[in-house]
Every structure is written in C-alpha cells, then in structure tokens.
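Notes follow once the structure below has been shown.
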Amino acid sequence: MNDEKQLTEVEHIKARSRHLRGTIEEGLQDRTTGALPLDDTQLTKFHGFYQQDDRDIRDERRHQKLEPLFSFMLRARVPGGVIKAEQWKAIDTVARELTGGGLRLTTRQTFQYHGILKHNVKPLIQGINKAMIDSIAACGDVNRNVLCNTNPVQSALHKEIYDDAVAISQHLLPSTAAYHEIWLDKEKIVNFEEEKEPIYGDTYLPRKFKIAVAIPPHNDVDVNGNDLSYVAIIEDGKLKGYNILAGGGMGSTHGETDTYPQIAKSLGFIAKKDICKIAEAIVTTQRDFGDRTNRKHARLKYTIDDLGTDVFKGHVEERSGVKFAEEVPYEFTMHSDRFGWVENADGTWNLTLFIEHGRITDKEDGPQMLTGLLKIADLHGGDFRMTATQNLIVAQVAKSKKAKVEKLAIENGLLRKEASVLRQNSMACVAFPTCTLAMAEAERYLPDLIGKLEVIVDKYGLSEQPIVVRMTGCPNGCARPFLAEIAFVGKAPGKYNLYLGGDGKGTRLVKLYKENIGEDEILQTLEPLIESYSNERNKGEGFGDYLVRTDVVPAIYDGRDFHKNPEGFISSGI
Ligand code: SRM
Ligand code: SF4
C-alpha cells in the first residue's frame, strides 16, 4: 500500500535507527547543547520522552542569541494507572531531585515529569526503574499506556479485568533491548541483525496506538478516544468476555477537513482467552495497512474508514484465527470520576481526589500537594490509582486510617470541598509553556474560565448539574475535547473554537458551534444556551443532549460527518 518513495521522514528515521537506538547515547554525551540531534528526538519518544523548550521565554532567548532553553518531558508507562505507595515515594524523590519540580497526571492514567535537563534523563530513568516503573513505549509509534477502569481491585472481578489490561500491555511491548542498553546499562547486543521485533517489525507502527479496557456502565477511560477498546461483559457476576471496538481517536488539524475525530466501531464479541490474539492481529493489520506516507492520515481510524469495517474485520479474523461473535448489548451511563470516599467490597475505602488538570506541585505560597501525597503514601501503605481524567484515587485505605488520610488531603489542598461540580467535570491539556504544538493556553486558563462559567450555571440553578467541559490548546485533542459536552479548542492565543453537543457519556462527538472566539464571546454565547437549558430541559436530560434535541447542533456519531451539517440543518452558531 505504501509507496516507498513517498514514505515520511519519520519512517526513514525508524528504519535506520537499529531498533530505536539511533545516536541517542552519543547525543547524551554532547555537553555543547541542551538538545539531542533532531532524528533522535523522534526515537526518544519510544523510550518515553520528548524534547521541549520553555515557550514562555523562547523569544527572549532568541533576542539574547541563546539556544532555546531545552529540557525533556518524560512519561511513565503504568497500565491501568496503579502505583503502590512505595513506588509513589520513589516517584516523589525523583521529581524533587531531577526535574523542574512536581508531577503531571495525564489523561491516560500515568504521570509525566517536565523540565528534565539532558544530563538528568538517564539518572531519572534509573531512579524510577528502581521502583519497577519504566517509560518503555509510553510514547512513539507503538502501543502506549493501556487504560483500565480505575477501581480494578475493588472486587475480584475488577482485579481480573485489570490483570487483562496489564497482560495486553505486556504482550504489545516492543522487543528491542535498546531501552535497557541505553538507560539501564545492560550489555549491548553484538549482532543487532539477529534482534527481532516480531509484532512491530523494523519500522514499528505508522503512528501511535492506544488501548482502553472499560467496565460498563463506567466509561471513565473514554473508549471512543482509543484505537482499540475492550468493553468487559459481565454476566451473573462472571467475566464472560469483551466487546471489541476499534478506530476511535481525537486528533485533527484546523482547516483540514480530511482529518477528523472518530468514534470507535464495533467489531463484535470475543472470549477472554483471545484478548492478546486480537490485540496482536489489530496491531499488525494497522502495521501493514496504515498510511506511512502521511502522518496526519496514519491512525487506525483512517485505515478502518478507508478499508471499510468489514474488510478490516476480515483481516483481523484471518490473522488471529478468532471469529467475532455478535456484540453483547451494554450501556455506559457514567463518564467522570466518583469523588470522595467509596467503600470497597473488602471493607477498605477509596478516596478520589480532584486534582485540577492533573498538576501536583508544592506552591511557594499555596498548597503543598506533592508533600501532602508523600505524607499520605507514608501513612497508608495501600496504593494510588491515576484516573483517565487526571485525578488520583488513594485506594484501599483501612477504615482506621480514613480520618488521618482525609485530614492530610484537606490540609494540603488535595481535597477541595469547595470545587464545584462543573469544575470537577472539567479537563484541560498541558498546552503552554511546555507543549511544542500549543496554539492557545489550556491548563493555565481553564480554571479561570470555569470560575466565570460557575457564575452563569449558579445563576440558572444548575450548580449541581454535571456538564463535561474540556479544553485543549490545539486540535490534537489530548484532553479528548471532542467527546465533551462543551469543548474549547485553541486556535491562537486567547482564541478558541467552541464545540457543543457530546452526550456526557463519551459516545457522541461534538460539533463546531462558533469559531475563533475569545472569552467575552464565549460567555455571551453560552449564557443564553445555559439559560434555555435550565428552563426547557427534560427530567434527567444532560446539556449536550438538550442542545441536540433542540437542534442547536446536530448529533454526530461518525467523524466523517464532523465537518458538515446534515442536509437541511441550519446552525444557530456558524
Ligand atoms: Fe497528546 C501530542 C500531551 C493524551 C493526541 N500530547 C502530544 C504532545 C506530546 C506534544 C508533542 O507531540 O510535542 C503533548 C505534550 C505536552 C506536554 O508538555 O506535556 C501531549 N497528550 C498529552 C497529555 C499529557 C495531555 C494531558 O493533559 O494529560 C496526555 C498524555 C497521555 C499519556 O499519558 O499517554 C495526552 N494525546 C492524548 C490524548 C487522549 C488519550 O489518548 O486518551 C489524545 C487524543 C486521542 C488520540 O490519540 O487520538 C492525544 N497528542 C495527541 C496528538 C494527535 C494525534 C493524532 O492522531 O493526530 C498529538 C500530536 C501528534 O501525535 O502528532 C499529541
Ligand atoms: Fe499540546 Fe495540543 Fe495536546 Fe494540548 S492538545 S497538549 S496543545 S498537542
């Protein structure tokens, strides 16, 4: 399918990298620059880290004729987001000693460090490795961190499903020894030609690949934002198997209508024993059929849309030897985390903390969140679970320790009882100053905007109504905005596209309502819609559903309709 002459540069870099080794080691030794050679910055992603520079001071540095202030962001691989208290302590030590400070929980149940200087990358990887945490395949054109519903050990059944998520992650790890050689000083392979990558091949996948495991009715992992999802089917208290969804994804480019977010398509039901066979068959089908000539068209969603779902499914069945059965009916009703205390089946308790946009720091003149969590880790001995909405669960707390954990959480700004329902349902990507692709602020701005929206929802008696609000600094969709009820997607500093109409369960896409608007227009646009929602909504009807029912926006269930209105539909927005 791919014309050799038209392959993207990244394909050539991968091909000549000797299974992701490139010249990373040599680049690390070069003390004349804080950066790595350009080709290697593509390869380091497969090892879990990105080269960045501080965009707040980029212009100033240019004026001073200095190279940008380069540093690195490292993302860990933590399938299902489960971290033991002892591991948390190691993560904390590394954050304090080797990074710009603090942690950032991500939308994929893991954490990132920012501001790592080049000479600190290796000690950092060794530091987390001591706590049995790695960053292999956390980024790059491979399968990344596998998501799993966040209460995995609440019952034996949840534990079984979590174990499946870990098994899938393990099965799809690249085989190359590059990570161990470069970062952990393991013996170098003498004859590289003999090293095999049985699943990925020498050039890995055409693009990143993402997997989630969900347990209905909870869609906290946003199955439709993933290339491959397993929806657990439970009957009579037993795991029967999984429905398989494929081809979901968020990324798009402003103004390029052949790029779009997409809802995953159902392939059918499989037995539990076939989970890894199916994962491998889908990954290798994407490896062989995905577009390697255009990275904007290289995700699985385009491969499936181009081949047709039935043809794609046929390839998967042939490669896996597994025949999909009819999809088993299921329903999602929840999209967000359950905050506060929840009792587990074994009598222990989980405390879900709202961590606004996942940022955990010790502020000079504010909450000591990092230190607070360290104290909780010291005290409780259970584990922590990172959620796919950037929050954190202190899990399996003994009843006798509940009061102390809660006190520490309150004292350190981790349990914010004043945080409104609207705020708790909001999510923003990192954007400025570290993200190289940001066009507008997200994490640093959404908290303020939420404050202004809170005034409006309070005015119309909606302060208890969960409305899913998400903001990203560009249309790559890192906070999965296209599955929200209200989405702001950055276009330029201070300007956002406003999208509306998701269903609050993550099963319908939003639709563009206003383009390139600033804060005043955002508030002026949303207030009358919120007012009429307050007056005219049906019992139990969500904001997005109301907007679709009253024809403010059309219902979008297929990304190929994302850029157009159905025939005869006239938007009151643009
Ligand atoms: Fe993302 C690129 C941050 C989840 C779609 N994402 C980036 C980079 C690495 C920018 C870059 O390439 O230079 C961002 C680093 C910012 C920084 O300074 O930390 C970045 N993405 C994030 C995180 C940290 C956002 C957050 O606020 O939590 C999330 C880390 C997840 C993780 O732990 O693995 C994150 N990114 C997502 C998601 C959501 C998800 O996976 O559930 C998506 C949409 C789903 C999808 O993949 O379709 C997402 N990120 C992208 C894309 C667009 C991909 C595409 O198909 O077009 C890019 C750009 C790219 O790959 O070229 C991107
Ligand atoms: Fe950066 Fe865009 Fe992702 Fe936000 S959505 S983190 S701005 S790539």
Side-chain angles (χ1 to χ4, degrees), residues 8 10 41-42 44-45 48-55 71-79 81 100 103-115 135 137-141 143-147 206-212 220-227 229 247-254 256 259-262 264 290 294-302 355-359 386-391 427-444 446 470-483 487-491 506 559:
T8 62
V10 179
T41 61
Q42 290 300 333
T44 61
K45 297 180 188 179
F49 68 98
Y50 283 74
Q51 180 170 304
Q52 303 183 318
D53 71 285
D54 186 338
R55 294 186 62 184
S71 67
F72 295 84
M73 173 274 276
L74 184 128
R75 186 181 290 167
R77 182 182 68 95
V78 187
L103 295 170
R104 176 59 158 70
L105 306 184
T106 77
T107 53
R108 291 195 72 77
Q109 288 187 297
T110 183
F111 65 91
Q112 292 184 170
Y113 295 115
H114 288 100
S135 58
C139 323
D141 296 343
N143 174 56
R144 298 181 173 198
N145 202 38
V146 176
L147 302 183
R207 205 65 165 89
K208 55 177 74 168
F209 193 91
K210 299 180 175 180
I211 298 182
D220 56 345
V221 294
D222 253 335
V223 293
N224 286 305
N226 286 270
D227 296 271
S229 287
M250 295 285 97
S252 61
T253 306
H254 286 312
E256 294 187 18
T259 67
Y260 49 82
Q262 183 57 291
N294 175 4
R295 287 183 68 80
K296 288 188 180 174
H297 185 256
R299 292 293 293 272
L300 181 67
K301 59 186 176 184
Y302 301 115
I355 309 288
E356 196 159 22
H357 313 320
R359 188 67 69 177
M386 295 172 284
T387 79
T389 39
Q390 305 166 324
N391 294 310
M427 192 152 84
C429 73
V430 178
F432 286 104
T434 52
C435 180
T436 43
L437 306 175
M439 299 170 174
E441 294 283 353
E443 180 191 325
R444 294 197 295 196
L446 188 60
R470 294 178 176 176
M471 174 178 277
T472 55
C474 83
N476 282 319
C478 298
R480 299 185 295 272
F482 303 115
L483 293 167
F488 305 102
V489 176
K491 270 214 105 174

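Heavy-atom basis, side chains included; hydrogens, waters and symmetry copies ignored. Start at 1 and go down the list; that is how both ligands and their atoms are numbered.
Among the backbone and side-chain atoms of Cys478, an N, O or S atom lies under 2.8 Å from atom 3 (Fe) of ligand 2.
Contact check on Arg144 versus Asp227 returns no salt bridge, with no Lys/Arg side-chain nitrogen under 4.0 Å from an Asp/Glu carboxylate oxygen.
Atoms of ligand 2 lying under 4.0 Å from any heavy atom of Gly477, numbered from 1 in the order shown and given with element: 5 (S). Listed by atom number, the atoms of ligand 2 under 4.0 Å from Gly473 heavy atoms are 4 (Fe), 7 (S). Less than 4.0 angstrom separates some heavy atom of Cys435 from each of these atoms of ligand 2: 1 (Fe), 6 (S), 7 (S), 8 (S).
For Tyr50, no nitrogen or oxygen atom sits less than 3.5 Å from a nitrogen or oxygen atom of ligand 1, counting backbone and side chain alike.
Residue Gln52 places a heavy atom less than 4.0 Å from ligand 1. Contact annotation: Ala428 has at least one heavy atom less than 4.0 Å from an atom of ligand 1. The closest approach between any non-hydrogen atom of Thr110 and ligand 1 is below 4.0 Å.
By heavy-atom distance, the residue among His357, Arg299, His114, Lys210 lying nearest atom 56 (O) of ligand 1 is Arg299. Distances from atom 26 (C) of ligand 1 to the heavy atoms of Gln51, Arg104, Arg108 put Arg104 nearest.
Looking from atom 11 (C) of ligand 1 to the surrounding protein, the closest heavy atom is Leu437 CD1, 3.6 Å.
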